[in-house]
Amino acid sequence: MPHPSRAHLDAIGIPVWVRRGVARAARRAEAPRIEVPRATAAITVPAAQVLETIDAQVRDCRKCGLHRERTHTVFGVGRPDAACMFIGEAPGAEEDARGEPFVGRAGKLLDAMLAAIGLGRGDVYIANIVKCRPPRNRDPHTDEITACSGYLKRQIEAVSPRLLVAAGRVAAQSLLSTTKPIGQLRGRSFRYGEDRLPVLVMYHPAYFLRSPLEKRKAWDDLVRLRSMLSDHAASAP
Ligand code: URA
Ligand code: SF4
């Protein structure tokens with residue numbers, strides 16, 4: 001007589017005892033397969049959302065003495081995923097009044113300089129080394145720059161531009177951790193941070209307001225900027 005199969009015995013109501021390990025193995029074989037990803041994919045938060053979070057922290061910040069006389073903090077403006085990020089020094093009176101960078105006279109000139117190479121404010125991202133206005137527009141002190149630097153670092157990471165433009169001595173020296181004079185830095189490119197992000201150093205637009213005859217240098221810098229941006233666009237994946 002052929003050996004009864006398990007199905008036959010089940011069918012006629014005879015309980016079938018199976019060794020535990022075997023039962024577990026059978027269940028495992030029948031269980032639906034659940035795919036567990038080997039590595040959890042990084043969750044990407046949109047740049048605009050990250051920037052809003054940092055901006056909210058800056059609005060509440062009292063890490064340095066500059067918070068005392070500010071009307072508004074001045075965080076940044078422009079395209080959250082811009083390829084090109086401009087970094088100035090510190091808010092002036094109009095920026096402090098409005099909470100937006102580069103809206104005074106130097107800002108109007110910056111707009112004109114950008115327009116000369118076909119860029120509008122909305123195409124780039126604009127921020128400053130410190131987010132609160134120093135009294136009487138004095139240069140920010142080293143301890144104030146250091147206190148504020150974490151916000152700028154995170155801001156650069158969020159925007160993740162292909163190119164940083166340091167406008168003026170304070171921005172250039174802070175970003176590049178150097179004390180070299182602007183004359184030795186301007187018009188040249190350097191690298192910033194672990195990602196070795198290219199940094200182009202330019203004169204500050206306020207310099208051209210004071211020395212209009214030097215505007216030719218602004219044009220040279222803009223030509224350099226335009227060519228660096230098109231090189232990076234061409235080599236983008
Ligand atoms: N100068 C700067 O460096 N930043 C501004 O926002 C305005 C003027
Ligand atoms: Fe904070 Fe920067 Fe303003 Fe100082 S300048 S209070 S560190 S946001």
J.: Check whether V45 and I54 end up in the same hydrophobic cluster, where Ile, Leu, Val, Met, Phe, Trp and Tyr are linked by side-chain heavy atoms less than 4.5 Å apart.
T.: yes
J.: For the CZ atom on R138, are there more than 12 heavy atoms of other groups (residues, nucleotides or ligands in this structure) within a distance under 6.0 Å?
T.: yes
J.: Can you name the nearest heavy-atom pair linking R70 to D60, along with the distance?
T.: NH2-C, 4.2 Å
J.: So, do D111 and F102 sit near enough that their side-chain heavy atoms are less than 4.5 Å apart?
T.: no
J.: Would you check if V201 and L176 make a side-chain contact, meaning some heavy-atom pair closer than 4.5 Å?
T.: yes
J.: Identify the heavy atoms of W219 and A116 that sit nearest to each other, and give their distance.
T.: CZ3-CB, 3.9 Å
J.: Side-chain contact, heavy-atom cut-off 4.5 Å: P140 with E89?
T.: yes
J.: Within this structure, what is the NZ-CD distance for the pair K108 and E94, rounded to the nearest 0.5 Å?
T.: 6.0 Å
J.: Could you tell me which non-hydrogen atom of A172 sits nearest to which non-hydrogen atom of I182, and how far apart they are?
T.: CB-CD1, 4.4 Å
J.: Identify the two heavy atoms, one from L110 and one from P205, that lie closest to each other, and give their separation to 0.1 Å.
T.: CB-CG, 4.0 Å
J.: Under the 3.5 angstrom rule, does the side chain of E69 hit a backbone N or O of R133 as a donor-acceptor pair?
T.: no
J.: Does Y151 reach the side chain of C61, with side-chain heavy atoms less than 4.5 Å apart?
T.: yes
J.: Got more than 12 heavy atoms from elsewhere within 6.0 Å of CZ, R191?
T.: yes
J.: Does a salt bridge link R59 with D55, judged by any charged N lying under 4.0 Å from a carboxylate O?
T.: yes
J.: Contact between R121 and I126 at the side-chain level, heavy atoms closer than 4.5 Å - yes or no?
T.: yes
J.: Give, for atom NZ of K63 and atom OG of S149, the distance between the pair rounded to the nearest 0.5 Å.
T.: 7.5 Å
J.: With side chain to side chain contact (heavy atoms under 4.5 Å, CB included) as the test, would you mind laying out the steps for D143 and C64 before giving the verdict?
T.: CA-CA 8 Å; D143 59 328; C64 84; 5.9 Å; no
J.: Could you measure the distance from the CD1 atom of I129 to the OG1 atom of T146? Nearest 0.5 Å is fine.
T.: 10.5 Å
J.: Quick one: does NZ or CZ of K217 land under 6.0 Å from the six-membered ring centre of Y207, within 45 degrees of the ring axis?
T.: no
J.: With rounding to the nearest 0.5 Å, note down the distance linking CG in L152 to OG in S174.
T.: 9.0 Å
J.: Go through the steps to decide whether D123 and L114 satisfy the test side chain to side chain contact (heavy atoms under 4.5 Å, CB included), and finish with yes or no.
T.: CA-CA 9 Å; D123 298 318; L114 290 174; over 6 Å; no
J.: Report the distance from atom CZ of R186 to atom CG of L200, rounding to the nearest 0.5 Å.
T.: 9.5 Å
J.: Could you tell me which non-hydrogen atom of L175 sits nearest to which non-hydrogen atom of I156, and how far apart they are?
T.: CD2-CD1, 4.2 Å
J.: Between the main-chain N or O of G92 and the side-chain N or O of E95, is there a donor-acceptor pair closer than 3.5 Å?
T.: yes
J.: Would you say M113 and D221 make side-chain contact, with heavy atoms under 4.5 Å?
T.: no
J.: Let's go through L229 and L119 carefully: what are the C-alpha distance in whole Å and the side-chain angles of both, what is the deciding distance for side chain to side chain contact (heavy atoms under 4.5 Å, CB included) to 0.1 Å, and is it a yes or a no?
T.: CA-CA 11 Å; L229 278 175; L119 292 173; 4.1 Å; yes
J.: Would you sort out whether S189 and M228 count as a side chain to side chain contact (heavy atoms under 4.5 Å, CB included), showing the intermediate values?
T.: CA-CA 10 Å; S189 58; M228 285 176 82; 3.6 Å; yes
J.: Does H72 use its side chain to pair, donor to acceptor, with the backbone of A97 at less than 3.5 Å?
T.: yes
J.: Answer yes or no: is there a donor N or O on one side and an acceptor on the other, between the side chain of R224 and the main chain of G187, under 3.5 Å?
T.: yes
J.: Taking the side chain as every heavy atom from C-beta outward, state whether Y203 and S211 have any pair of such atoms under 4.5 Å apart.
T.: no
J.: Measuring only between side-chain heavy atoms, which start at C-beta, is L51 closer than 4.5 Å to F75?
T.: yes
J.: If two hydrophobic side chains count as joined below 4.5 Å and joins carry through other members, does V165 share a cluster with V130?
T.: yes
J.: Looking only at heavy atoms, what is the nearest atom pair of A171 and I87, with distance?
T.: CB-O, 3.3 Å
J.: When rounded to the nearest 0.5 angstrom, what is the spacing between CG in D195 and CZ in R162?
T.: 13.0 Å
J.: Starting from V103, can I reach M85 by hopping between I/L/V/M/F/W/Y residues whose side chains sit under 4.5 Å apart?
T.: no
J.: With sequence neighbours excluded, what pairs up with E157 under the side chain to side chain donor-acceptor pair (under 3.5 Å) test?
T.: K153
J.: Would you say M202 and F208 are hydrophobically clustered, going by side-chain heavy atoms of ILVMFWY under 4.5 Å?
T.: yes
J.: Does the D96 side chain pair with the main chain of T71, one donor and one acceptor, at a distance under 3.5 Å?
T.: yes
